[in-house]
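First the structure, in the form of structure tokens, and then the observations on it.
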Amino acid sequence: MRSLRKSTLILTLLAVACIVVLLVAIIINVHGLSMSAERSTNSYLRDVARQSAQVIEERLNGLVNSLRIIGDSMAHRDPQDVVGNEEFLSRKRNTSEFDALAYVSINGRALMVDEDGHFSTSDAILDRYAHSEALAETLSGKTTAGFYGDYIAFMDPIYDGDEISGVMIGVRAKTRLQNMLVNDAFDGRGFTFIIDQYGDILVRPMADDTLAGISGFLNQAVNDFAAEAEAQRNAGEEVNALDITLDTDQGTAMLLDYQALDLFDWAVVTMVAEDFLSHEVGMYMTNIVITLVVLMVIFMVMFIVLIFMQNRYQNRLESVAFADSLTGGMSLIRFQMLAEPRIQKDPEGAYALVTLNVKRFKMINRLGGSHEGDDLLRRIYRVLEENLIDDSELVAHDMADNFILLLRNNDEAELRERLGNIADDIGSISTVLPVHTSQGVYVANDADVDMIAFMDRANMARMSKADDYHSSLVFYDDDFVKQQEERVRLIGMIEQGLENDEFLVYLQPKVSPTEKRVIGAEALVRWKHPEQGMIGPNIFIPLCEQNDLIGELDEYVFEKVCKQIAEWQKKGWDPGVISVNVSGLQLKDIDFIKRYRAIADKYGVDPSMIELELTESVMFSDTEIIEAKNVLDKIHEYGFRCSMDDFGSGYSALGLLQELPIDCLKLDRSFFTGVVDNRRAQIIIEMIIRLAKRLHIHTVAEGIETDKQFAILRNMGCDMIQGFFFSPPLPMDEYADMVFVKGEIYNKKGTSNRGH
């Protein structure tokens with residue numbers, strides 16, 4: 001967790017450093033862009049000015065050409081036709097771009113349609129232009145233009161052959177020319193105006209308030225233009241374009257560009273602030289910098305908040321990861337983090353890893369409730385914690401009812417004694433059932449093996465004796481490894497034995513105490529190995545259960561029984577109901593019933609002649625009861641009978657009889673040990689038998705060996721007796737000979753070799 005916090009801090013600081021470097025780089029580039037923009041402004045200004053001058057000159061040429069066409073038409077008209085000339089000039093004024101039109105002959109006669117559309121022939125028309133240099137130049141054969149107040153008069157000579165016969169005058173309001181000077185290229189920060197050959201401003205933009213503040217500077221600039229242009233002319237150069245920088249009182253540097261026009265010796269001047277481009281670039285880049293600064297500040301604030309929150313919740317996170325929620329002690333994760341480096345530091349068998357499990361914990365939970373179970377686990381943890389010698393030893397609660405310890409290993413005998421004392425201390429805890437534990441021990445003597453492997457080996461040792469009733473302790477050592485190798489060898493032999501048909505089915509009769517005849521039997525399995533002879537079920541059945549072979553073995557026995565029933569029925573023998581054991585593992589695969597029914601149908605056996613036995617010990621939790629009920633319902637659906645085997649071997653609740661739809665109840669042999677002299681035991685057995693009868697459930701007493709036991713059960717109304725009192729389990733051919741041929745019931749004493 002600390003390394004994670006350190007990594008987070010380093011990465012965050014690196015991110016901040018990157019942002020700072022990026023910010024500095026952007027500032028440097030902004031400055032560079034601004035300088036580049038300033039250098040580009042002159043070029044941009046020249047291009048815009050050239051385009052503006054071209055547009056203005058085209059418009060002026062258009063006006064002159066329009067005026068010349070009108071003049072040519074006027075030259076062919078009769079000056080004496082006043083009415084016709086009035087109509088002609090009025091029409092042309094309305095269709096042309098001029099506000100007023102006038103015609104002046106060489107002899108001084110004049111006709112005019114003024115701005116208001118009034119026609120006049122008065123000589124007073126000439127008074128307006130009498131002293132105009134433009135008129136004089138026009139009469140000498142030059143197209144000119146002159147400014148008169150708010151108007152501009154364009155004048156073009158009219159020829160009669162090679163002689164000038166008059167002048168055509170087109171008048172246009174100055175404001176209409178100002179529209180040509182509107183320039184959007186500079187976003188309102190540039191201006192275009194027209195000057196004459198004397199440097200006077202002829203037409204300026206309508207928004208001339210801005211120009212008013214720099215008019216003095218502008219005049220100076222125009223004079224500078226004129227001087228520079230004169231110098232170029234004197235040098236024999238063509239004056240096309242000039243540019244100059246103008247500084248105002250406000251400290252604003254303005255760039256001006258001069259573009260000469262071919263008409264009237266006029267020129268177009270375009271002006272823009274020197275920082276036009278750099279200002280706009282700088283504005284955008286400043287916004288970017290400000291945005292980045294704001295983001296960096298936000299990031300820093302978030303980083304500070306993150307550190308604060310991390311410190312605030314660090315302990316909480318560690319408690320979740322490192323503390324066990326049930327016991328309040330060390331979690332398995334924390335245990336592994338602390339134990340592994342200690343083992344690696346001192347690997348020469350200095351430490352032993354111990355896994356501990358509470359046997360039959362599900363039953364404790366069922367009988368005492370989850371609170372009782374949780375309290376037991378907490379008390380066990382305290383016992384384990386109190387048995388630690390010093391801080392070098394560790395204990396943690398794993399999942400469910402499992403614990404793990406790291407103990408010092410000074411001597412194996414001493415360690416065995418110590419673990420035995422721990423088991424005794426746990427066994428002394430008072431609860432609804434005696435508390436027994438299974439312990440697996442692995443002495444850590446290999447630094448190259450990780451914690452998972454250590455735990456697996458300890459668990460492997462523990463689970464080898466997990467089914468024992470009393471507390472067990474197993475070391476993972478050479479002897480244990482040899483035993484496991486032997487187990488593996490036996491498992492291989494079992495698989496081969498199933499293939500080679502080495503397993504035999506024995507039948508133990510079930511006798512009606514009232515009729516004293518066999519009414520059924522229980523099928524048990526035996527293994528006759530070709531080399532090792534008979535191998536007891538107490539050896540191979542646990543191996544099958546632990547290695548998922550039990551289902552295959554159960555099905556093997558079931559098919560043998562079906563085949564034998566079919567053979568007996570062909571001979572006319574009635575075997576009654578044969579019970580066949582079904583492992584609790586079969587409950588996880590309800591489809592096994594379909595396979596069983598298919599086998600019964602294969603041999604033509606009525607499924608009601610077969611009773612499937614489920615052991616009571618597998619039905620502990622509510623979930624398992626539901627699963628068992630589903631299986632029992634399915635068993636009945638496919639026509640089989642079902643029974644509960646070993647009833648009373650554990651700590652079953654009579655409520656199971658209410659929950660599970662069974663046909664037969666087999667009372668475990670432990671019920672009948674000492675029953676002859678124990679009146680309380682007799683009362684319990686009698687009440688169970690009566691309860692079963694009320695529920696229409698048959699009862700079977702197994703393990704009966706004495707006359708007195710038989711007499712007591714017969715008087716109680718037990719339906720069937722099974723045990724050595726009548727017969728031990730017999731091979732099927734001997735069973736058939738005894739039951740169907742001789743009709744005898746044997747009463748043999750001894751051990752039944754009770755198996756599956």
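For residues 564-576, no residue pair satisfies the salt bridge (charged side-chain N to carboxylate O under 4.0 Å, His left out) rule, not counting sequence neighbours.
Judged as a salt bridge (Lys or Arg N to Asp or Glu O under 4.0 Å), and not counting sequence neighbours, the contacts of Lys594 are Asp591. For Glu637, the salt bridge (Lys or Arg N to Asp or Glu O under 4.0 Å) partners two or more places apart in sequence, or in a different chain, are Lys634. Partners of Lys693 by salt bridge (Lys or Arg N to Asp or Glu O under 4.0 Å), not counting sequence neighbours, listed by chain and number: Asp719. With sequence neighbours left out, Glu515 forms a salt bridge (Lys or Arg N to Asp or Glu O under 4.0 Å) with Arg517. Partners of Asn500 by side-chain contact (heavy atoms from CB on, under 4.5 Å), not counting sequence neighbours, listed by chain and number: Gln496, Glu502. Residues satisfying the side-chain contact (heavy atoms from CB on, under 4.5 Å) test with Asp606, not counting sequence neighbours, are Ser608, Met609. Not counting sequence neighbours, Ala400 has no partner by the side-chain contact (heavy atoms from CB on, under 4.5 Å) test. For Phe475, the ring-ring contact (aromatic ring centres under 6.0 Å, His included) test picks out no residue, with sequence neighbours left out. Residues passing the side-chain contact (heavy atoms from CB on, under 4.5 Å) test with Val577, sequence neighbours excluded: Glu611, Arg641.
Residues Val582 and Tyr596 come closest through the heavy atom pair CG2-CE2, 4.3 Å. Residue Leu553 comes nearest to Cys544 through the heavy atom pair CD2-SG, 4.1 Å, listed as atom of the first residue, atom of the second, then distance. A pairwise comparison of heavy atoms in Glu702 and Lys666 identifies OE1-NZ, 3.7 Å as the closest pair. Nearest approach of Gly520 to Tyr735, heavy atoms of both residues: O-OH, 3.4 Å. Across all non-hydrogen atoms, the minimal contact from Pro513 to Cys718 is CG-O, 3.1 Å. Closest of all the heavy-atom pairs between Tyr381 and His397 is CE1-N, 4.2 Å.
Of the possible donor and acceptor atoms, one in the side chain of Gln709 sits under 3.5 Å from a partner among the backbone N and O of Glu705.
Side-chain contact, Tyr556 with Asp501: a donor N or O sits under 3.5 Å from an acceptor N or O. For the residue pair Tyr638/Arg597, the side-chain donor-acceptor check at 3.5 Å is not satisfied.
Relative to the six-membered ring of Tyr506, Arg526 meets both conditions, a distance below 6.0 Å and an angle of at most 45° to the axis.
Between Arg378 and Asp374 there is no salt bridge, since no side-chain nitrogen of the basic residue lies less than 4.0 Å from a carboxylate oxygen of the acidic one. The residues Arg595 and Asp554 are annotated as not salt-bridged, no charged nitrogen and carboxylate oxygen being separated by less than 4.0 angstrom.
In this pair, Trp573 and Phe740 present their aromatic rings parallel. The plane angle is below 30°, not in the 30 to 60° band. Using a 30° and 60° split on the angle between ring planes, Trp527 and Phe503 fall in the parallel class, below 30°.
Side-chain contact between Ile662 and Leu695 is absent, with no heavy-atom pair separated by less than 4.5 Å. Inter-residue side-chain proximity for His636 and Asp663 is flagged as met; some heavy-atom pair is nearer than 4.5 Å. Side-chain contact check for Met460 versus Tyr476: some heavy-atom pair is nearer than 4.5 Å.
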Under 3.5 Å, which donor-acceptor pairs do the side chains of residues 481-488 form with other protein atoms, sequence neighbours left out?
unit_1	atom_1	unit_2	atom_2	d
Gln484	OE1	Arg487	NE	3.3
Glu486	OE1	Arg489	NE	3.0
Glu486	OE1	Arg489	NH2	3.4
Glu486	OE2	Arg489	NE	3.3
Glu486	OE2	Arg489	NH2	2.3
Arg487	NH1	Gln546	OE1	3.2
Arg487	NH2	Gln546	OE1	2.2

For residues 422-435, which side-chain N or O atoms pair as donor and acceptor with protein atoms under 3.5 Å away, sequence neighbours left out?
unit_1	atom_1	unit_2	atom_2	d
Ser428	OG	Asp425	O	2.6
Thr431	OG1	Glu372	OE2	2.8

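Partner Ser579 forms a side chain to side chain donor-acceptor pair (under 3.5 Å) with one of Gln722, Glu522, Glu613 and no other, that one being Glu613.
Here the OG-CZ distance, from Ser438 to Arg462, works out to 4.5 Å after rounding to the nearest 0.5 Å.
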